[in-house]
Every structure is written in structure tokens, then in C-alpha cells.
S.K.: 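Below you'll find the structure I mean.
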Amino acid sequence: MASEAVSLALGTVKDLLAEEARFLSGVADQVKEVEVELIGMRRLLKDADKKQLNDSTVRDYVRKIRRLAYRTEDVLEKYAVEIESRRRGHGFRKAFRRFAGLVSEGTALHRVGSEIASIKAGINSLTKNLQTYGVIALSSTEDGQSSNARLDQNQQRLRQTYPHQVEEYFVGMEDDIRQLVSLITDERIRSHRVISVYGMGGLGKTTLARKIYKHIEVERAFKQFAWVSVTQQCNTMTVFRDLLKQLVPDERKESVEKMDERELVGELYKVQKETKSLVVLDDLWEIEDWKRLSVAFPFAEADSKILITTRNQKLAEVEFPYPLNLLNEDEGWELLQKRAFAKRNGADSESDPQLEAEGRAIVGKCGNLPLAISAIGGVLSQKTSLEEWKTVKNDVDSYIRMSGGGKEGYEPVLQVLALSYDELPYHLKPCFLYLGQFREDEDIEAEMLHRMWTAEGMVSADHRGKGETLTDVAERYLYEMASRSMLQVKFDEFSTSRKVKSCYLHDLMREFCLARGKEVEFLKLLDFRGGNDPLSDCSTEHDNSTPRCSIHVEGGKKHGPGDVDSMISRALEASGQLRSLTLSGGCGFPRVIFDSNKCKYLKVLKFEGYDFTGKGLPKGIKKLVNLRFLSVKDSMLDDLPSSIGQLQYLETLDMRVGNQIWVPDVLCKLKGLKHLYFFGLKKVGDGQLSFLGLSKLETLIGFNDDVGDLKHLSGLNNLRLLHATVHIGKEKNDLPQMLNYLNSNRHKLRKAQLAIFVSGEEVVLPFLDLLSCHCLHQLTIIGGRYEFQKVKPPLSPSNLSKLLLWQCSIEGDPMNFLGYLSNLRSLTLAYVDLGERNVMIIDENAFPKLVSLAIIRVGNLEKWVVAEGSMPNLSRLRIDRCEALEMIPDGLRFITTLRKLEIKMPEEFIVQRIYGIDGRGGPDRDKISRVPVINIESYGSML
């Protein structure tokens, strides 16, 4: 499968040709000829990819094409970087270097000309060889590459193909749900404290567990819940810590991080013993892992229960086993229809008896396995005719015949997934393979994934619609893969546009992704966790072609700098010329990366959770002149070197580290920067950081008026996303300037998130002016005073979706004002003084989209009225230490959507209003009795 490499090479060629005077002086005509040859080659590859399944000679030619495509990228990028580097400099020094470099530039020109000629000859030769073997060139509409017209036509549809959770396609297993809910909630069945759902991968064990976990009867039966994905790399410390952090109050979570294993086990045991809890251990593999984990669970002494999902029947039989079976034919056909016809808006294709016959046959060939059926359904969603369905059925046959059974019977399933992959358009294939570098069961942040795809040239500028950025195109790519069931997505519930927050791969899909990535020399994953040494077999792991390497090191384990440095050195020795290097976990000062020739042309460099042992990035970062993406997110890093300012092609810089980071005033030199992320940043030296000249910047997260100059924002003409902090005090008030900027018509801002820190209780905040900023979606204000009594409804439309007011004083009823915010989804009032008014009234029809409401320490709130018809979408409510409150609002009984209620009040209130003096229930009990999950905590004493 060389199509991925050819598509990426074409992207590089197009990018360089777009600025040929800058990068390709003297060889532009030759490069254009190579572009034509690559386009022709790509049209051959659709047919070649199928023929290579049964022809080793074609398979060998395809491998040579792939390597030739990688070589094309290497040659052209090396030349472009070399020429651009020679032409940098200032004044006399620049002129002298230019004069001295004329000869060497001419030499480079001659060399690259010869290499391009060699590449062109290689493409011609391979094209003829493929045609000799009967490989034909498919037309541009057949080769899987979506045209601009098709993308423009489908843009809105693609944004709507996945506006729901995967559970909408949940089919069958109704009996399993009923039985498991009964087993988990029935207190008379004390022997079933641990229930293990087992079955082969792809059956839907995790999906079923999620259904149980969120079931209304289960939510009513337990007080606390915790879920952790264990995976093959079971780290008991990590599992214990992740579970405990979900079962303890927020104020105790920080202390959990400092506990050793003995303390974690003791606390976890104690919490489950004292409070009825449901714990889910998803994807547990080995009996030995369960034995190590089981010491933390009080089986005989508590009402808590554990639900396990596993492929291992022997592990399941250690406790109470629950087998999960395949779908029957009708259920399989129902699932296939839901996937295949998802985009057809009620069309009657599913009523065609011939189509149904083909579909049922396909279900049978998928072994009635939900994952395989969903994947093929994604393929069929792009097919409209009976003949196309027959072709897919025959293709499934061909792919399965290749499998020959395979380990544990999974090989036929992987071949079905391979067909789904091969049916992807060319531009989506590298994007999918890129997902293999992330950890098993990891929630992959969508925004960063988009940035990495773009940095590697996987997002085509040709696919942009009017006014779109490459980020918009990348979002569409992700939606399309989700609609084809290649991955699952999670949405941001507080986003007004329902944007994807993260995505993840099913473990079998990830297994296929890694296998295919290795097969086509796309990605090398080196996982050193759990004492593994993936480089021990030199014959299988060393190559000179794979351009991407991802290294995983044990998260909680302290490696010496030499250990990790050695791992990186060995990984580089086993790799080719790298374009991407990611390092997850570990510690040390990785100078080897910046000194290795194999990293010289890196485009993506990502450190995740890395400890730089009290140091900053090495100054050698400047050697990585081709770098597009640099992230040190969640790492421990003290400072950035000034040499980072020399990375002229850098597009994304993520400095959101776990400590305060010192940054020199060189960010303004990064003229190609498009996305900048930071917080806890301090400038080296006096003054503020300059953002002047960053005309390409689209994303700015972490801007703070203590560190940067607000005036510079007006020069960021392409800014789309802004997260900023401003301060108001006796000597400083930057809010008017920020408001002027947000309300200006000169910027392209789509979404802003603002935090305001106010010093002084008498500062009156201009709330209406803030609401008039249509690009403002999230607002946090700490301190200040609000005069809501002066505001007369109705309000002008606002896009505000999340609001937090903290440590402030309010004149007038805030609910009477805020209830008119039609897009508000989350509201928190914390440590608020209501002034002379001690009543809050939520009127009918107020807060139409509110999902989450928290009222925390509103000390003088005595009466709270909730009208019937208000807050029709409220899901979570928190009432915390409002000590003057007389009762829980009567109107809560009318909110049928409320699923979780947290109440923390004085013991006297809890006893008198909820439990009742005699224990038979107080006057407020019936108001909240229908809420599935209620957490009640009291403090103080009635004595």
C-alpha cells in the first residue's frame, strides 16, 4: 500500500511549488514533472493495491514505489531547507554568506537536479513494470480521492454524520443488559461481588459495560463510581491511583498523587468498604494482573461491586463469569443497516430485498461480530447500488481467504478491517495510520491530532472551502473517519457547535492500525513499558525507511537519564530519516535527538509527560530547522532556549507544562507560527512578551496581560481562537481594551474564552458589554461587583455557553438576568454575596440549554424558587454549603432530566429536610427522590 506515501509526497511537492521562487529556484520545472508522474502513479495504485494481495511481484513493486515516494520527500525538503538556511542572515554578514555560498548552492542545485532525474526515471520504470503486470490507471473519480466539488457538496453533511455517541448504533444485548443490571443491583446476590464479562475482541464488551455503568437503576443503587481501562500493559500503581481519584472528594485528589502503593491499596479498600461503589476494570488481560489488583477490593466486607471485561475466559472463571455471544443474523443485519444507511436521511434503500440478501450475506461473512459489521457498514455507507454491494461482498471474501485462520481466530476479523481501510479515500489513509502512535485506550485530543496531521502535510489545502482553514479540513477528515466506523469520537458537551473533543480506537482496530503501519513502513512504535524491549529482535525492528517513531516509557517509573537516552539512541539507530518523533513518559536531557542526523528534518517532535530533570530544552533545538510541531505538554520543563526563535517553519508550539516555564522574548520571531499554547509562563528579563508580526497565528491559548501586551492582539489578523486572562486593579484595567478588541470587526475570531481577575470589591463589571461580544463562549470572573438589578430583559443574543462567577457581590437576582442566556450550558456561582437580596427565582422557560448548575457557598441565600418549565435539560446540580438556605426548591421535582445531585449542607439541614427526625423522610425527600444519583454529605453537629 504505497498510496499513503505517494499522497504525502504529492502534498510536499505542491507546498514547495507554491513558493517555488523561495524553495525551488533552478529545479521547479523538474519538480513539476515529478508531480505529474506521481499523480499518474497514484492512479495506478488503487488497482495495484488489490492485485498485490495475490501477486508477490506486484507487492514488491508497490514497496519500491513507497520508498521512492519517501525519497522524493527527503530530497526536496533537504534541498529547500538547505537553500533557505544559506540565505538567512543580516546586513554585511548576510551578504558575505550569500557570496561565499554561491558555489555550494550551485553544487546543491546540480546534486538535487541529478536526484530528481533519478527519481523521475524510477517512477517511469515502475509504472511500466506495473502496466506489464496488468495494473491499470483508474480515473480520478475512482481512485478514492474526493474532489473539491464533492467536498464542498458534502461539507455540511460530514459535520452532521456523527452528531451522536456510538451508542445510537447499539444493537442486541437487551437481555444481557437486563441480566447484568439485576446481578449488579440485587443485594440478595452477595456471592457475585465480581462479575466478569468475557468474549472475543470486537463483541462489544466495553460498549455493554458503558451501558451498565450509565444505567439508571445502577446509578440509583451505588453512591460512587470509578472506571479504568487496564490494557495489556497493566501498571497496578496507575490503576489504583486512577480508581482512587474517582472515588475521593476533589480536595483529596492531590494527596492521592503522593501515595505509595501500600497507601493506595489501603485507601481504596477503605473507601469501597465505607461507601457503596461500582468499579469497572475494562480490558483486563491476565490472571496474574487480577491477583495483584484484587487486594484493593473488600469483597466480603462491603456492598461495593466490580465489573470486569476481558477476552480471557480463564480469568473470568476465577470470579463470576458472564459470556457475551455474537449477534444473531437479524441483529447483525439491523446493525449493518444503521451503519450503511446513516447518511441517507430516510431513503428506502433498506427495503430493497436484493440489497437485504447481499447485506445478510455480508453479515455472515463478518462472523456476526459487531466491530466487523460496523466497519463494513462504514464502507457500504459510500455505496448506493446493488452492484457495489455485491462488489463489497466479493471483496470481503477475497480478504478473508487471505487470513488462513490466524491467531485466536482474529485474523479474518483483521482482514475485514483491512478492507474498510483500503476503501478509505487516499487523503484519509495516512491520517488513520497516524493514530497508531498513541497508547492503547488513550483518549486522543482532537485538536492536537489536527495540528500533527497538518504539520506532516496530511491535510490538503485543496480541500478548503471558502473562508476555511486547514483546521476546518482536519475536523472534516476526523468526522468522515468516524462516520465510516474507523474510530470512535467524544464530543464537548459545552460546545455550542458540538465539536469533537477526543477520539479513540477499538483495541482490535488499533491492532490492525499498528500492523498496517508497520507493513507499509509508515510508523514504528517502540513500547518499553512493563520491562519490554521491542528492539531485542534486531532482524524485525531495524529498517532504513520508516519515517515516524513513537517511544513509550513507563509512566510512574523513574528511569535514569542514561536509560531513556539509551532507548532513544537505539530507536534512532533502528529507524530511517525521521519526520516525526514522539516520546511518552521518561526523564532526562535528550540531547541525542538534536545531535542525530536522522532527526535533522523532523517535522513533529512531541514530549508528553517527560521530565527534563530540572533543565530546559537543549539549545540544539535550532538544528531542527524543518520543525512544524513542537509540544512539551504535561512535561516538567524549566525554560526554553532563545535559539527556539530560529525555527522559522514552526506552526504549533505547545508549552502547557506542569510547572512555571521561563520564555525569552523570541516568540515574535516565529513568523510561521499558527497555534500557540501556554500557561504559567514567565518572561526572561524585563518587559512583556511581544506578539508583533505573528500574522499567521490562528490559535492563542494562555494569553495573560501580565506577560503580553494587549495592543499586539489587534495585529493578529488571522486569529480564530483566543483564551485570555486580564486583570483589573487600582493601577491596571485592561478590560476596556479587551472589550474593544473582542467587539471589533477587524478580527476573524470565532471563539474566545476570557478570565477576569478583579482586585477590589467596589469594581463594577460591565456585564452587558461582555455579553455583547458574540465571539465570547466561556467567561470566568473572580472578584468584583454586579448590578443585575439595573438590567432590563430581554437581552441581546449571546453565545456564552459556560459561566463561572467567584468571590463577587451581586445586587439583584442573578437568575432573573442569567436565565435569559439561551446558549448557556454550564453555570457556577461560588462564594457569592447576594447583598440585601436573599432570594433567587428561576422563572418558567429560563435556562433552556443549561446542563450543569453549581451553587457553592452563597452564604446569604435563604429562599430559592424553581418554576415548572425551567431548566428542561439540567443533568447535574450541586448545592454546597449554602448555610442560610431554608429548603430545597420545590421545582426540582419537575426536572425529569436531572441525573446527578450533590448536596453538602449542615447536618441539621440534612436531617430535618431530607432524612427526617424519625428517619422516615423529611419534607424535601420527595422533591429529589426521582434523581438516579444523589450524593449527600453533612458537616457540623446538631448537638
Side-chain angles (χ1 to χ4, degrees), residues 167 170-199 203-230 243-244 246-247 268-284 287 290 293-325 327 331 896 898-902 914-915 919-921 925-926 928-937:
E167 280 74 14
F170 185 85
V171 171
M173 304 184 195
E174 286 80 6
D175 288 340
D176 296 305
I177 291 175
R178 282 193 291 269
Q179 291 182 50
L180 285 168
V181 167
S182 177
L183 286 170
I184 288 173
T185 58
D186 193 338
E187 286 305 317
R188 295 170 297 179
I189 313 176
R190 297 191 62 84
S191 59
H192 299 158
R193 292 296 172 198
V194 182
I195 300 168
S196 298
V197 178
Y198 72 90
L203 270 177
K205 298 184 295 296
T206 299
T207 301
L208 177 61
R210 285 199 194 101
K211 281 282 186 181
I212 303 300
Y213 192 72
K214 293 292 185 182
H215 198 280
I216 190 167
E217 291 182 29
V218 173
E219 289 186 329
R220 284 174 175 164
F222 296 89
K223 299 296 183 182
Q224 296 188 132
F225 300 83
W227 176 299
V228 67
S229 295
V230 182
L243 288 175
L244 188 56
Q246 296 175 64
L247 296 175
L268 197 51
Y269 192 99
K270 179 182 178 184
V271 168
Q272 294 174 91
K273 184 178 177 181
E274 293 177 349
T275 307
K276 189 177 180 182
S277 307
L278 174 64
V279 171
V280 177
L281 300 177
D282 184 42
D283 199 18
L284 187 59
I287 293 176
W290 170 236
L293 293 172
S294 63
V295 297
F297 301 104
F299 305 118
E301 302 178 67
D303 294 329
S304 296
K305 290 195 176 182
I306 299 97
L307 178 64
I308 293 172
T309 69
T310 181
R311 298 187 194 181
N312 189 336
Q313 182 176 347
K314 291 182 178 179
L315 186 156
E317 290 171 347
V318 172
E319 302 297 342
F320 179 79
Y322 188 94
L324 190 59
N325 299 314
L327 300 178
E331 291 168 340
T896 57
L898 191 60
R899 295 187 65 84
K900 184 174 183 179
L901 173 62
E902 297 179 74
I914 300 177
Y915 294 146
R920 297 181 181 179
R925 186 181 69 171
D926 290 343
I928 60 176
S929 59
R930 296 182 181 179
V931 181
V933 180
I934 304 176
N935 293 332
I936 298 176
E937 183 180 349

S.K.: So does Arg220 have more than 12 non-hydrogen atoms from other groups sitting under 6.0 Å from CZ?
M.R.: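 Check passes, neighbour count above 12.
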S.K.: With distance as the sole criterion, is a donor-acceptor pair present between the side chains of Thr309 and Asp282 under 3.5 Å?
M.R.: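 Note: Thr309 and Asp282 side chains meet the donor-acceptor criterion.
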S.K.: Given side chains that start at C-beta, do those of Trp290 and Val194 come closer than 4.5 Å, heavy atoms only?
M.R.: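 Touching, per the 4.5 Å side-chain cut-off.
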S.K.: Treating Lys305 as the side-chain partner and Leu183 as the backbone partner, does any N or O pair qualify as donor plus acceptor under 3.5 Å?
M.R.: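 Judged by distance alone, yes, a pair lies under 3.5 Å.
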S.K.: What is the minimum heavy-atom distance between Ile914 and Arg925, and which atoms define it?
M.R.: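 Closest approach of Ile914 to Arg925: O-CB, 3.5 Å.
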S.K.: Please name the residue in the list Arg899, Lys211, Lys276 that meets the salt bridge (Lys or Arg N to Asp or Glu O under 4.0 Å) test with Glu219.
M.R.: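 Looking at Arg899, Lys211, Lys276, the match for Glu219 under the salt bridge (Lys or Arg N to Asp or Glu O under 4.0 Å) is Arg899.
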S.K.: Donor-acceptor pair, distance only, cut-off 3.5 Å: does the side chain of Thr310 make one with the backbone of Leu284?
M.R.: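 Yes, Thr310 side chain to Leu284 backbone: donor-acceptor pair under 3.5 Å.
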S.K.: Met173 and Leu203: which non-hydrogen atoms are nearest, and at how many Å?
M.R.: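 Minimum heavy-atom contact is CE-O, 3.0 Å.
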S.K.: Grab the two heavy atoms, one from Gln272 and one from Ser277, that are nearest each other, plus how far apart they are.
M.R.: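 In this case the closest contact between Gln272 and Ser277 is CA-OG, 4.1 Å.
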S.K.: So do Leu307 and Ile184 actually touch side chain to side chain, heavy atoms under 4.5 Å?
M.R.: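 A side-chain contact under 4.5 Å exists here.
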S.K.: So that I know where these two stand, are Tyr198 and Tyr322 an aromatic pair - ring centroids less than 6.0 Å apart?
M.R.: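 Judged by ring-centre distance (under 6.0 Å), Tyr198 and Tyr322 do not meet the cut-off.
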S.K.: Which heavy atom of Asp283 sits nearest to which heavy atom of Val230, and what is that distance?
M.R.: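 Looks like O-CB, 3.8 Å.
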S.K.: Just verifying a value: how many Å separate Leu281 CG and Ser294 OG, rounded to the nearest 0.5 Å?
M.R.: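 Here the interatomic distance stands at 10.5 Å.
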